[in-house]
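Below is one structure; the comments refer to it alone.
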Amino acid sequence: MFRIRRPVAVATAALAAALACAPAAQAVPVGLAGPATAVIPTAAADPSPAAAADRPVSVPSGARLRISTAYELPGERVYPEGIAADPRTGDLYAGSFTDGTVFKMTPGRRTAQIFLPAGADGRHTANGLKVDRFGRLWVTDSTAGVSVYDTRSRRLLARFVVPGKDARFVNDLAVTPDGGAYLTDSVRAVVYRVTPGQLAGAGDEPVALTPRFDLGGLPDAHASDAYALNGIVADPSGRYLLAADMAGGDLYRLDVASGAIRRVELRGGDMLHADGLELRNGTLWVVHNTDDAISRWRVSGDGSSARLERRVTDEALQLPTTLVRVRGTLYVVRSQFDKGGPMGEGTPETPFTVAAVHGI
């Protein structure tokens, strides 16, 4: 999701207004395990040979950033937020923050097609999106939770919701190799988990989400109304997750097996305004939304540290919110949230688009 350049209170007001537009999820009593306890020391650099095992992406530091329009999204008020790639087909999916429409983008076709219409299955928005290796599309609704669809039939397979009526903002998600999923909540500073077993056993009724990781005790305290956790990615091995704190500028390593939480040692930069994340072969790409920026980091083999390799800024990114890498190209969502959307007045350029980015 987003964070604006103005003071935190202004950004929070915009987010609160967006949350107020849709009803909160209904409580669904389900007995699940409680959250893991946060233990947050600063992680040391990994000295082992495994830290150099992944090969970094080779991009000259002085390479010119090239941005072009890859896809157009039909609609006057799309304001796209999330993007995902189907690892089997190369098809892309993007979601509308304003009404929950999900678009499908097929290589060779410039204009996206509507995959799921606005309001499908009661969703009021579409934030984080992921397609897992089993052909399931995960779509978060910030006001409720996450819905899971079959990409072939478009059938709703399962719904997982945050119980109760307290404030929540279910934002981004990561899918692990075993088929489970982890979702950030930007209001509650927790990460929810959906296990493969829960997904397999889900029926027609929504299933309650409970936290796996609780980051409410972060060392650098935020204002009570600040939105913190945002982008999240999974290590390809499934050992750990990386989650960005867009308010504090930190990156956290979440151990999948033990539940331990550690602050990643960042060298050369920070994660301020960080939104979507993409991790491939030890290289981490980050979009910094209101900065119109993309940064590239080299992550150590154990995920304990990350070194900034390059950061580029270009207004042509039009407030980027998420990104995905497919066959050497970064596909970046141009949200335009600050042009008549949830973050500012004005008129957006239409059609809304997804950019292809090279050079970082």
- Query: Mind checking whether Asp292 and Pro320 have side chains closer than 4.5 Å, heavy atoms only?
  - Reply: yes
- Any chain of hydrophobic side-chain contacts (each under 4.5 Å) joining Val131 to Val102? yes
- Message: Is it the case that the side chain of Arg77 and the backbone of Gly340 share a donor-acceptor pair, with hydrogens and angles ignored and the cut-off at 3.5 Å?
- Response: yes
- Message: Can you confirm whether or not the ring centre of Tyr227 sits under 6.0 Å from the ring centre of Phe169?
- Response: yes
- Task: Locate the shortest heavy-atom distance separating Gly268 from Leu308; write the atom from each residue and the value.
- Result: O-CD2, 3.1 Å
- Where do Arg193 and Phe160 land on the side chain to side chain contact (heavy atoms under 4.5 Å, CB included) test, with the steps shown first? CA-CA 10 Å; Arg193 177 177 61 177; Phe160 298 87; over 6 Å; no
- Task: May I ask you to test the Asp86-Thr151 pair for a side-chain heavy-atom distance under 4.5 Å?
- Result: yes
- With the 4.5 Å side-chain cut-off for hydrophobic clustering, are Leu266 and Leu279 part of the same group? yes
- Gly216 backbone acceptor or donor facing Arg188 side chain under 3.5 Å: no
- Message: Check whether His124 reaches the backbone of Asp99 with its side chain - one donor and one acceptor, N or O, closer than 3.5 Å.
- Response: no
- Message: Would the distance check show the side chain of Thr195 and the main-chain N or O of Gln198 forming a donor-acceptor pair, the cut-off being under 3.5 Å?
- Response: yes
- Intermediate values then yes/no, salt bridge (Lys or Arg N to Asp or Glu O under 4.0 Å), Asp91 and Lys104: CA-CA 7 Å; Asp91 293 334; Lys104 181 178 181 179; 3.6 Å; yes
- Query: Closest heavy-atom contact between Pro236 and Pro177?
  - Reply: O-CG, 3.1 Å
- Item | Arg123 vs Val139 side-chain heavy atoms within contact, under 4.5 Å | yes
- Residue pair Trp138 / Thr140, side-chain donor-acceptor N/O under 3.5 Å: no
- Item | Under 3.5 Å: donor-acceptor pair, side chain of Thr111, backbone of Glu72 | no
- Message: Less than 4.0 angstrom from a charged side-chain N to a carboxylate O is my criterion; do Asp255 and Arg253 meet it?
- Response: yes
- Would you call Leu241 and Asp235 a side-chain contact if the rule is heavy atoms closer than 4.5 Å? no
- Note on the structure: Between the CG atom in Asn289 and the OG1 atom in Thr321, the distance rounded to the nearest 0.5 Å is 7.5 Å
- Apply the test ring pair (Phe, Tyr, Trp, His ring centres under 6.0 Å) to residues Tyr71 and Phe103: give CA-CA distance (whole Å), side-chain angles for both, the deciding distance (0.1 Å), then the verdict. CA-CA 10 Å; Tyr71 298 102; Phe103 302 91; over 10 Å; no
- Query: Does one hydrophobic cluster hold both Ile114 and Leu156, with members joined at side-chain heavy-atom distances below 4.5 Å?
  - Reply: no
- Query: Can you name the nearest heavy-atom pair linking Ala174 to Ile232, along with the distance?
  - Reply: N-CG2, 3.7 Å
- Nearest heavy atoms of Val175 and Ala234, plus distance in Å: O-CB, 3.8 Å
- Do NZ/NE/NH1/NH2 and the carboxylate oxygens of Arg280 and Glu278 come within less than 4.0 Å? yes
- His273 and Asp291: side chain donor to acceptor below 3.5 Å: yes
- Query: To the nearest 0.5 Å, how far apart are CG in Asp338 and CD in Glu345?
  - Reply: 11.5 Å
- Item | Exercise: identify the closest heavy-atom pair between Ala293 and Arg311 | CB-NH2, 3.7 Å
- Please round to the nearest 0.5 Å and tell me the distance separating atom CH2 of Trp297 and atom OG of Ser305. 11.0 Å
- Any chance the rings of Tyr149 and Phe115 have centres within less than 6.0 Å? no
- Task: Find the distance between CG (Asp172) and CG (Asp185) and round it off to the nearest 0.5 Å.
- Result: 12.5 Å
- Item | Asp121-Ser147 side chain donor-acceptor pair, cut-off 3.5 Å | no
- Message: Quick check: do Tyr79 and Pro348 have side-chain heavy atoms less than 4.5 Å from each other?
- Response: yes
- Query: To the nearest 0.5 Å, how far apart are CZ in Arg334 and OG1 in Thr69?
  - Reply: 4.0 Å
- Query: Within a strict 4.5 Å, meaning less than it, do heavy atoms of the Leu137 and Tyr93 side chains meet?
  - Reply: yes
- Task: Report yes or no: does Thr350 contribute a side-chain atom to a donor-acceptor pair with the main-chain N or O of Phe352 at less than 3.5 Å?
- Result: no
- Query: So, does Thr322 use its side chain to make a donor-acceptor pair with the main chain of Glu81 at under 3.5 Å?
  - Reply: yes
- Tyr182-Tyr192 aromatic ring centre distance below 6.0 Å: no
- Closest non-hydrogen atom pair between Tyr331 and Ala70, with its separation: CE2-CB, 3.8 Å
- Task: Determine whether more than 12 heavy atoms belonging to other residues, nucleotides or ligands lie under 6.0 Å from atom CZ of Arg110.
- Result: yes
- In the single-linkage hydrophobic clustering (I, L, V, M, F, W, Y; side-chain heavy atoms under 4.5 Å), do Val332 and Leu129 co-cluster? no
- Exam field: side chain Asp314 to backbone Leu317, donor-acceptor pair closer than 3.5 Å: no
- Message: Between Ile294 and Val286, is there a side-chain heavy-atom distance shorter than 4.5 Å?
- Response: no
- Assess whether side chain to side chain contact (heavy atoms under 4.5 Å, CB included) is satisfied between Met271 and Met246, documenting all intermediate values. CA-CA 6 Å; Met271 294 287 161; Met246 63 180 175; over 6 Å; no
- Rounding to 0.5 Å, atoms CZ (Arg168) and CG (Leu209) come to a distance of 9.5 Å
- Query: Okay, side chain of Thr184, backbone of Asn230: is any donor-acceptor separation there less than 3.5 Å?
  - Reply: yes
- Message: For a quick check under 3.5 Å, do Asn127 and Thr125 share a side-chain donor-acceptor pair by atom type?
- Response: yes
- Just wondering, do Leu254 and Leu215 contact through their side chains at under 4.5 Å, heavy atoms? yes
- Report yes or no: does Ser96 contribute a side-chain atom to a donor-acceptor pair with the main-chain N or O of Val78 at less than 3.5 Å? yes
